[in-house]
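This report concerns only the one structure given below.
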Amino acid sequence: MTMLWRTVLSALQDPSTPGRGETTARGALALALALALKRTPEATADDVLKIALYEFGVVIEPSTGRGRARRCD
């Protein structure tokens with residue numbers, strides 16, 4: 001997880017970073033997943049997608065969010 005945050009911080013500091021949008025979206029998704037599970041252990045992939053959108057302003061495709069949530073279970 002630490003490597004993800006180093007990559008996200010690097011991408012945020014340098015707008016010319018290749019894959020910047022994808023990197024920051026992955027970071028927001030990881031935060032949304034952690035937050036959803038903290039709020040309720042029964043959090044669904046849809047909960048993660050809503051948190052990513054409303055709290056971090058990141059739109060994530062449902063298939064991507066659901067796949068990521070399953071891998072983190």
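Predicted model, so just to flag it, every value in this text is computed and none were measured. What you see below is based on every heavy atom in this structure, not just the backbone, and it leaves out hydrogens, waters and symmetry mates.
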State, to 0.1 Å, how close [X] and [Y] come at their nearest heavy-atom pair, and which atoms those are.
X	Y	value
T23	A11	CG2-CB, 4.1 Å
G27	V8	CA-CG2, 3.9 Å
T17	S10	OG1-O, 3.8 Å

Self-check item: In one Ile/Leu/Val/Met/Phe/Trp/Tyr side-chain cluster, 4.5 Å: L31, L12
Solution: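 Per the 4.5 Å side-chain linkage, L31 and L12 are co-clustered.
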Quiz item: Taking only residues two or more places apart in sequence, or in another chain, which ones meet R39 in a side-chain hydrogen bond (donor to acceptor under 3.5 Å, both in side chains)?
Solution: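 Result, side-chain hydrogen bond (donor to acceptor under 3.5 Å, both in side chains) vs R39: E55.
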Quiz item: Is the shortest heavy-atom distance from the side chain of L49 to the side chain of L53 under 4.5 Å?
Solution: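 They are not in contact (no side-chain heavy atoms under 4.5 Å apart), so the answer is no.
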Quiz item: Between the main-chain N or O of M3 and the side-chain N or O of T7, is there a donor-acceptor pair closer than 3.5 Å?
Solution: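 Side chain of T7 to backbone of M3, a donor-acceptor pair under 3.5 Å: yes, one is there.
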